[in-house]
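Data first, discussion second: the structure below is written as C-alpha cells.
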Amino acid sequence: MFPAAAIPELRRSLLAWYGQQGRDLPWRQTRDPYAIWISEVMLQQTQVQTVIPYYQRWLERFPTVEVLAIADLNAVLKAWEGLGYYSRARNLHRAAQQIVTEHQGRFPESATAVEALPGIGRTTAGGILSAAFNQPQAILDGNVKRVLARLGALPLPPARAIAQLWQWSEALIDPDQPRDFNQAIMDLGATICTPRKPVCDRCPWSFACAAYNTQMTEQLPLREASSPIPHKQIGVAVIWNDRGQILIDQRKPEGLLGGLWEFPGGKIEAGESIEDCIRREIQEELGIAIAVGDHLISVDHTYTHFRVTLHVHYCQHLEGEPQAIECAEVRWVEPTELSEFAFPKANQQIITAILKSKVQ
DNA sequence: TAGGCGTGGTC
DNA sequence: TGACCAAGCCT
C-alpha cells in the first residue's frame with residue numbers, strides 16, 4: 001500500500017510527466033463522446049498501434065451515432081474485420097440504436113446510463129466520461145492494474161484483488177483534472193511501467209513505488225498459474241459447383257466469431273480421416289453430398305484458449321440444396337466476391353490460397 | 001465467479 | 001517458439 005500522504009505528490013508528478021511525455025493519440029484531439037466511445041471499445045484488449053487505422057476508417061465510414069445505428073450489421077462487421085472480439089462490433093451497433101431510440105441520439109452523461117449500454121463496463125464508462133466530459137470517474141484497465149500492483153506491491157494477482165485496485169484508482173484520480181489523470185496513468189503503464197523491463201529511472205512515481213523500492217518490479221504484478229491449451233484438428237471444405245462458385249456460410253450471431261463468414265467444416269473425431277470428417281461435417285451442417293478432392297492448404301491459428309489446425313481441401317458439389325442447419329446463412333459466391341464478406345483471420349490464408357491457385 | 005471471446009506483438 | 005500480454009465485457 002502507498003501512503004495517503006503521498007497522493008498529492010503522485011498526482012502532481014504524474015500530470016507534470018504527462019505534460020512532457022504524454023502520447024499524441026487521435027482520440028485525444030476530440031471531445032466527441034461518440035468518437036471517444038468508439039476508441040475505448042476498440043482499445044479493449046487491443047494495442048494502440050493496431051487500433052489507429054481502424055479508428056480512422058471507422059469515423060469516415062460511420063461518422064455519427066445515427067449513421068452507425070442505421071447501418072447494416074454486415075457492413076459493421078466488415079469494418080471490424082481483423083480486430084477480433086467481434087461481439088464488440090455487434091454491441092456497438094446495438095448500443096448505437098439504443099442511444100438513438102432511448103437517448104434521442106445524444107450520448108448519455110451518467111455512469112449508470114453509460115454502463116447500461118451493451119459492451120460498456122465500468123472501465124470503458126469511466127474512460128468515456130472522463131475523456132469526453134472531464135468527469136472524475138476512475139478506470140481499471142490492464143495498464144492501471146499493473147501500475148497500481150507495483151505502486152502498492154500488491155501481494156496477490158490483480159484478478160484476486162479487483163475491489164482493492166478500484167479503491168486505489170478512485171483514491172488517486174485527481175478530482176481537478178480527471179481527464180488528464182486517467183490518460184496519464186494509462187500512458188505511464190504503456191510506456192514506462194511496462195510488463196517487462198519497466199523504465200523505472202524515468203518514472204515519476206518511483207519515489208513512492210513499493211515494487212521499485214524493494215526491487216520487485218520484475219516479479220510484480222503476480223501472475224496466475226496458466227493451464228495448457230487444447231489443440232483441435234479441423235477439416236475444412238472449399239466446395240465448388242459446376243458454375244465456378246464457392247460455398248460459404250455465415251456463423252450464428254453469438255459466440256466464437258459470431259456473424260462472420262467462413263468455409264464450412266468441423267472437428268476431426270478420433271480415428272477419423274480428414275476426408276471422412278469433411279464429408280460428414282458437410283452432410284450434417286449443410287445437408288449436401290460432396291466429393292472431397294485435393295488438399296489446398298493447412299492453416300495453424302492460435303486463439304486465446306485453444307489452437308486449431310485447419311486442413312483445407314477442395315471439394316465438388318454432388319447433390320442437394322445447401323441448407324443453413326448449423327449456421328445463420330449459406331451462399332454460393334464468385335471467388336472475386338469473397339472480399340465483400342467479413343472472414344476471420346484463419347480464413348484469410350484460405351482465400352489467398354484460392355485466389356492464387358490455378359484450379360479456379 | 002470463472003471461463004468464453006481474436007489478433008498481433010514481443011522475447 | 002511457445003508463452004505472455006494488450007485501454008475488458010458478458011454470462
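Letters A, B, ... mirror the listed sequences (proteins, then strands); counts begin at 1.
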Query raised in the report: Yes or no on ring-ring contact (aromatic ring centres under 6.0 Å, His included) for A/Phe181 and A/Tyr18, after CA distance, side-chain angles and deciding distance?
Result: CA-CA 8 Å; A/Phe181 182 92; A/Tyr18 179 65; 9.8 Å; no
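Contacts of A/Leu25 with the nucleic acid, taken as non-hydrogen atoms under 4.0 Å apart, include base atoms. Contacts of A/Gly82 with the nucleic acid, taken as non-hydrogen atoms under 4.0 Å apart, involve only primed sugar atoms and P, OP1 or OP2. Within the nucleic acid shown, A/Gly127 has no heavy atom closer than 4.0 Å to any nucleic acid atom.
Taking atom CG of A/Leu129 as the reference point, atom P of C/dA7 lies 20 Å away to the nearest angstrom. In this entry the distance linking CH2 of A/Trp80 with P of C/dC9 reads 13 Å, nearest Å. As a whole-Å value, the separation of A/Gln348 CD from B/dT7 P is 9 Å. What separates NZ of A/Lys252 from P of B/dG4 is a distance of 19 Å, to the nearest Å. Put simply, CD1 on A/Ile229 is 14 Å from P on B/dC5, counting in whole angstrom units. Summarising the geometry, the separation between CD1 on A/Ile139 and C1' on C/dG8 is reported as 12 Å, rounded to the nearest angstrom. Atoms NZ (A/Lys145) and P (C/dC5) sit 12 Å apart, rounded to a whole Å. In this structure, CZ of A/Arg251 is placed 12 Å from C1' of B/dG6, rounded to the nearest angstrom.
Between the side chain of A/Arg88 and the base of C/dA7, no donor-acceptor pair of N or O atoms lies under 3.5 Å. Contact of A/Thr304 with B/dG6 (side chain to base): a donor-acceptor pair of N or O atoms is detected under 3.5 Å. One cannot find a donor-acceptor pair under 3.5 Å joining the base of B/dG6 and the side-chain atoms of A/Thr302.
Taking atom P on both nucleotides, B/dT1 is separated from C/dA6 by 22 Å, rounded to a whole Å. Comparing the P positions of B/dG3 and C/dC4 gives an interatomic distance of 15 Å, to the nearest angstrom. When the P atom is compared between B/dG6 and C/dT11, the two are found 14 Å apart, to the nearest whole Å. Across B/dA2 and C/dA7, the matching P atoms stand 24 Å from one another, rounded to whole Å.
For B/dA2, the OP1/OP2 oxygens have a side-chain nitrogen or oxygen of A/Arg160 closer than 4.0 Å. A close approach under 4.0 Å does not occur between any side-chain nitrogen or oxygen of A/Tyr303 and OP1 or OP2 of B/dG4. Here A/Arg223 does not reach the OP1 or OP2 of C/dA3: none of its side-chain N or O atoms lies under 4.0 Å away. When the side-chain nitrogen and oxygen atoms of A/His301 are compared with OP1 and OP2 of B/dT7, one or more of them lie within a distance under 4.0 Å. Phosphate proximity of B/dG8 to A/Gln47: absent, as no side-chain N or O sits under 4.0 Å from OP1 or OP2.
Projected onto DNA chain B by closest heavy-atom contact, A/Thr50 and A/Lys197 fall at different nucleotides, the more 5' of which corresponds to A/Thr50. Mapping A/Val48 and A/Arg94 onto DNA chain C by nearest heavy atom places A/Val48 closer to the 5' end of the strand. When each of A/Glu115 and A/Glu40 is assigned the nucleotide of DNA chain C with its nearest heavy atom, A/Glu40 is the one assigned upstream, toward the 5' end.
For A/Arg12 and A/Glu9, the salt-bridge test passes: some basic side-chain N is under 4.0 Å from an acidic carboxylate O. A salt bridge is absent between A/Glu284 and A/Lys267; no separation between the charged side-chain nitrogens and carboxylate oxygens falls under 4.0 Å.
Between B/dG8, C/dA7, C/dG8, one nucleotide has an atom nearer to the side chain of A/Lys345 than all others, and that is B/dG8. Comparing B/dG4, C/dC4, B/dG6 against the side chain of A/Arg196 picks out C/dC4 as the nearest. When the nucleotides C/dC9, B/dG6, B/dC11 are ranked by their closest atom to the side chain of A/Thr124, C/dC9 comes out on top. The side chain of A/Tyr85 lies closest to C/dG8 when the candidates are B/dG4, C/dG8, C/dA7. Nearest nucleotide to the side chain of A/Leu256, out of C/dG8, C/dA7, B/dC5: B/dC5.
A/Arg88 and A/Gln44 share no side-chain donor-acceptor pair at under 3.5 Å.
Hydrophobic clustering of Ile, Leu, Val, Met, Phe, Trp and Tyr side chains at less than 4.5 Å, counting indirect connections, keeps A/Leu220 apart from A/Leu156.
Between A/Pro322 and A/Trp332 the shortest heavy-atom distance is CG-NE1, 3.8 Å.
In this structure, A/Tyr303 has its ring center closer than 6.0 angstrom to the ring center of A/His301.
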